[in-house]
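Only one structure is covered here, and it is reproduced in the block below.
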Protein chains: 2
Amino acid sequence: MDAIDLSLVDLLRGNARLSYAELARQVGLSAPAVHERVGKLESGGVIRAYRAEVEPETIGLGVTALIGIVEDSGADTDDVLEAFRAIPEIESCYFMAGVESFLLKARVGTIAELEQLIVRLNRTPGVNSTRTSIALSTKWENRPQAVAPPAA
Amino acid sequence: MDAIDLSLVDLLRGNARLSYAELARQVGLSAPAVHERVGKLESGGVIRAYRAEVEPETIGLGVTALIGIVEDSGADTDDVLEAFRAIPEIESCYFMAGVESFLLKARVGTIAELEQLIVRLNRTPGVNSTRTSIALSTKWENRPQAVAPPAA
DNA sequence: AGGCTGAGGTCGATGGCGTCCACGGACTGT
DNA sequence: ACAGTCCGTGGACGCCATCGACCTCAGCCT
């Protein structure tokens, strides 16, 4: 992980569909060299995936909620996690410090679906209680934070 | 937005670097047709961006925090928003229902940097108080939720 | 009914890109 | 000094992106 790798990561976080040729121009190497570096970043676990970022409303996922989960005393955290993993509406899952063991970000189409989701969560073995906050709007999300030095 | 568009969105949410030729094979159209459809999805605001998803620890952003913000009574929400937007560590910003007007997801390298961030937030005009929860680990994040019908 | 029009597709051509390979220079340890 | 390793370059070749021409079908106006 040198400065060039960091630049590549920044460039791809900004636009994952840049061609290797374009990346090469930006960092001042040849295309094959960039190809090899990016390949290593992928197989080395630095780059996990390339994803299109979609406006959720346009695909019928207009309701965003953040849900704190309090576990039962003596619950098996791994089991709870697996149960959460099986619920597609849960987009993100953080294991937290504090009374609430998990914080979930969920996306559904309607408030009625959110209600169903909350019921389902409360019924999940190991879950003691849930606390749901609704996001009225998403100002921005997953903004990539530049990490490379200014410029070679 | 027909079923093919939804499939394209799903495919690109799964892997943003798929070639048009490959997308075309998957949805059963020709490459130029797919090219045009994806172009329309982009310019129509459905696809906002393509981003590489990076393991944060590997680029020196090992600390994730979720921060609730209570505004001063009479604060100008837009001004507060602009102040937040200028802080690169804030990756996501949701405008919430409830006492806390905003929920922020921030990523920093160290606890010391988190402390500085919290101080900065508390000093921001219009911010009455902050409540920070630290994520001990991210189980998963931004998992794409399939939205297309099973398969043509 | 007939024909115009526009949307949205296919096909074919061409230039650029991805990707493989052979080669070369700098650093390192012996 | 020398050999090995790492990391890069340049060339070659086949696939892909992308443009233009054309086709087909649905809807609509006359």
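Since this is a predicted model, take the numbers as computed values, not measurements.
In the region residues 21-43 of chain A, proximity to DNA chain D at under 4.0 angstrom, judged on heavy atoms, holds for A/L29, A/S30, A/P32, A/A33, A/R37, A/K40. Taking a 4.0 Å limit (strictly below) on heavy-atom distances, residues 5-18 of chain B does not reach DNA chain D anywhere.
Under the side-chain hydrogen bond (donor to acceptor under 3.5 Å, both in side chains) test applied with B/T64, the options B/E141, B/K105, B/E57, B/R107 reduce to a single match, B/R107.
For the atom pair A/L23 CG and A/L11 CG, the distance stands at 6.0 Å (nearest 0.5 Å).
Computed from coordinates, the B/Y20 OH to C/dG18 P distance equals 13 Å when rounded to whole Å.
Taking the six-membered ring wherever Trp is involved, the centroid distance between the rings of B/F102 and B/Y94 does not fall below 6.0 Å.
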Under 3.5 Å, which donor-acceptor pairs link side chains of residues 12-20 of chain A to any protein atom two or more places apart or in another chain?
from: A/R13; atom 1: NH2; to: A/Q145; atom 2: O; distance (Å): 2.4
from: A/N15; atom 1: OD1; to: A/R17; atom 2: N; distance (Å): 2.9
from: A/R17; atom 1: NH1; to: B/A16; atom 2: O; distance (Å): 2.5
from: A/R17; atom 1: NH1; to: B/L18; atom 2: O; distance (Å): 3.0
from: A/R17; atom 1: NH2; to: B/L18; atom 2: O; distance (Å): 3.3
from: A/S19; atom 1: OG; to: A/E22; atom 2: N; distance (Å): 3.0

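Placement of B/Y50 and B/L8 within a single hydrophobic cluster is found when ILVMFWY residues are connected by side-chain heavy-atom separations under 4.5 Å, directly or transitively.
Between A/V54 and A/T58 there is a side-chain heavy-atom pair separated by less than 4.5 Å.
Under 3.5 Å, the side chains of B/Q26 and B/S7 contain no donor-acceptor pair of N or O atoms.
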- Are B/E91 and B/R51 close enough, and set up right, to give a salt bridge (charged side-chain N to carboxylate O under 4.0 Å, His left out), and what steps lead you there? CA-CA 13 Å; B/E91 286 195 353; B/R51 302 205 178 287; over 6 Å; no
